[in-house]
Amino acid sequence: MKNRVYINQLREHIGNTVIIAGWVSVRRDQGKMVFFDIRDMTGTVQTVVLTKSPALESAKQTSRESAVAITGIVNKRPEKNVMAGVQNGDIEVSVEKIEILGASDAPPFEIIEDTSMISEEVRLTYRYLDLRSERMQRNIRSRSEFVRLCREYLFNAMFTEIETPLLTESTPEGSRDFVVPSRLHPGSFYALPQSPQQYKQLLMVAGMERYFQIARAVRDEDLRADRGFEHSQIDIEMSFVEQEDVMALVETMIIEVAEKMGKVLKQKPFPRFTYAEAMEKFGADKFDLRDDEEKSKGILAFAWVHRFPFFEKTDGGDWTFTHNPFSMPLSEHIDDVLAGKNTENILTAQYDLVCNGHETGGGSIRSHRPDILRAVYKTMGYDDARIEQSVGHMLEAFRYGAPPHGGIAIGIERMLMTVMGENYLREVQAFPMTRGGQTAVMKAPKPLSDKQLSELGLEIKKKTK
RNA sequence: GCGGGCGUAGCUCAAUUGGUUAGUAGCGCGUCCCUGUCACGGACGAGGUUGCGGGUUCGAGUCCCGUCGCUCGCGCCA
């Protein structure tokens, strides 16, 4: 649209005829004159259709939430009509022409500043309307801002952004995979990544040295307020580093990004707790360090937790990893891992970033030595054949000059929830799912046609009770 | 998989221990009135298979059973 003026720029055009475009937030029809509050992505302004305006007829037909283009003169308001403390409270647009670009039916719910009182079922069905609300606009735009600032920081720190595959291999360890049937290989399946973990480590072997990615991660586990099937992470991996290097880089980045977003941090550098200290002090490995006043002010209280146990016993009595099998044991425990002894006391070079009671990030220094990685899997009861099958490709890669490396993943939703003071992950996602796993607006999942099933070599077994 | 909460008008909610034809309800919507409103105001009006199915009862929005959906937590989530 030529010559369109954004609403937050109108002040520079007082006395001029301009075109604004946006949506009708509020309509106040007084018979002989009509007021509209017009909203675009930069703000809101009052427009007035005066009695003598040629637009009066079309004003009568302009419904709330319609998309419109308005031509009019930007005027200073008469002194008695100035609204103090409101954006553009001292100016208004005197309408000469209204063009209805997209008429709106009456919306199914009120698009007020904060729609959190509306039932989530309705909000998700009409997510494109819910997202028009001031709070959701703020959340989604802040998310973009957070990602942009992280990107800028990382590019300045010599990182390379690299995409890793979406269709990858299923791993039986860890969480349940979302799988994708293969048409070319009937009966075989890809899995969607739970994390780019193995690819980013291979990128370290590949000499990229400093990698990051805004990575989508997918897990087929039951949902929670702070956990969905899909989430995004700032995924980072670095070569020739120790734990202190990764933590320092991430801490500097988070402080810079948070402060650029206008947030206040309770403490910096971030306090550190060993896992044992955290469990003793807070009874959990994630905790909220703020007092009530700090909570009300939206202050962010970051902390690190480190020195986690590497292994824990399963119900079956076997050893399994607590966080990440690719993690390095702390150096003083490497000999024990290689010898397969003292398993219950082995600690890992794992570090979690905690903020306001949420785990917002986690990473580790990885085993780049094949003997250590192999020993970890031995501890977990894997025989040589099973090790080969699970991580043979990693052991092979590590035989070709693997640099010491480590990294972290910062959960974007968890981080944004804490930054924006939201309690639900869905409030910082544009199109989240319901807890039952149904997508917003479109109603996936749905059955496939017989043709699609047959192409994939799949048969649906009828569920029996 | 388990446990808790919820489901009444487009939205938000009422409806006594089970008792007439569901409530002058607020917002929204429709028609009309209104030249300075800003969540404009005023008058009138429309709008309901109480999620769905069954049961108990003379009588069910209300009690019971089942089921579906939403949600919070536990399990699970490297």
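Below, chains carry the letters A, B, ... as their sequence lines are ordered, and counting in each starts from 1.
Using a 4.0 Å heavy-atom distance criterion, Pro108(A) is classed as a sugar-phosphate-only contact. Heavy atoms of Thr320(A) sit nowhere under 4.0 angstrom from any nucleic acid atom. Residue Thr322(A) is classed as a sugar-phosphate contact, given heavy-atom separations below 4.0 Å to backbone atoms only. Among the atoms of the strands shown, only primed sugar atoms or phosphate atoms (P, OP1, OP2) are found under 4.0 Å from some heavy atom of Tyr424(A). Here Val122(A) lies in heavy-atom contact (under 4.0 Å) with sugar-phosphate atoms only. Gly436(A) comes within contact range of the sugar-phosphate backbone alone, with a heavy-atom separation under 4.0 Å but no base atom that close.
In this structure, Glu110(A) atom CD and C13(B) atom C1' are separated by 14 Å, rounded to whole Å. Rounded to whole Å, atom C1' of G26(B) lies 13 Å from atom CD1 of Ile118(A). The separation between Glu120(A) atom CD and G7(B) atom C1' is 15 Å, rounded to whole Å. For the pair Asp352(A) CG and C77(B) C1', the computed distance is 14 Å after rounding to whole Å. G69(B) atom C1' lies 11 Å from atom NZ of Lys443(A), rounded to whole Å. When the P atom of C72(B) is taken as reference, atom CG of Leu425(A) falls 10 Å away, rounded to whole Å. Rounded to an integer number of Å, the gap from Met433(A) CE to G69(B) P is 15 Å. What separates CZ of Arg176(A) from C1' of G75(B) is a distance of 11 Å, to the nearest Å.
The aromatic rings of Tyr377(A) and Tyr382(A) lie perpendicular to each other, with more than 60° between the two planes, well past the 30° mark. Classification of the Phe229(A)-Phe178(A) ring pair by plane angle, with boundaries at 30° and 60°, yields perpendicular.
For the salt bridge (charged side-chain N to carboxylate O under 4.0 Å, His left out) condition, the pairs that include at least one residue of residues 20-31 of chain A, sequence neighbours left out, are Arg27(A)-Asp29(A), Arg28(A)-Asp37(A), Asp29(A)-Lys60(A).
In this structure, Ser175(A) does not reach the C76(B) phosphate: none of its side-chain N or O atoms is under 4.0 Å from OP1 or OP2. Close to C27(B), at under 4.0 Å from its OP1 or OP2, lies no side-chain N or O of Arg64(A). At C76(B), none of the side-chain N or O atoms of Arg219(A) fall inside 4.0 Å of OP1 or OP2 (strictly under the cut-off). Close to C70(B), at under 4.0 Å from its OP1 or OP2, lies no side-chain N or O of Arg123(A). OP1 and OP2 of C70(B) both lie 4.0 Å or more from every side-chain N or O belonging to Ser119(A).
At distances below 3.5 Å, not a single donor-acceptor pair connects side-chain atoms of Lys76(A) with backbone N or O atoms of Asp90(A).
Donor-acceptor pairing under 3.5 Å is lacking for the side chains of Asn356(A) and Thr418(A).
If you take atom C1' in U62(B) and the same atom in G19(B), they sit 11 Å apart, rounded to whole Å. Using C1' as the reference atom, G30(B) and U71(B) are 35 Å apart when rounded to the nearest Å. Look at the P atom in both G47(B) and A9(B): the space between them is 15 Å, to the nearest Å.
The pair Glu413(A)-Arg143(A) counts as a salt bridge, with a side-chain nitrogen and a carboxylate oxygen less than 4.0 angstrom apart. Using a 4.0 Å cut-off between a side-chain N of Lys or Arg and a carboxylate O of Asp or Glu, Arg127(A) and Asp130(A) qualify as a salt bridge. Glu396(A) has a carboxylate O that lies under 4.0 Å from a charged side-chain N of Arg399(A), or vice versa, which qualifies the two as a salt bridge. Using a 4.0 Å cut-off between a side-chain N of Lys or Arg and a carboxylate O of Asp or Glu, Arg366(A) and Glu237(A) qualify as a salt bridge. Classification of Arg135(A) and Glu427(A) as a salt-bridged pair holds, one side-chain N sitting under 4.0 Å from a carboxylate O.
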Open item on the list: Return a single string for nucleotides 42-53 of chain B, one symbol per nucleotide in 5' to 3' order, where B is base contact, S is sugar-phosphate-only contact and - is none, cutoff 4.0 angstrom on heavy atoms.
Closed with: ------------

Open item on the list: Does the protein touch nucleotides 31-41 of chain B at the base, only the backbone, or not at all? Give it as B, S and - per nucleotide, heavy atoms under 4.0 Å.
Closed with: ---BBBBB-B-

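Between Ala106(A) and Asp226(A), the residue whose closest nucleotide on RNA chain B is further toward the 5' end is Ala106(A). Each of Glu221(A) and Met117(A) was matched to the nucleotide of RNA chain B holding its nearest heavy atom; the match closer to the 5' end belongs to Met117(A).
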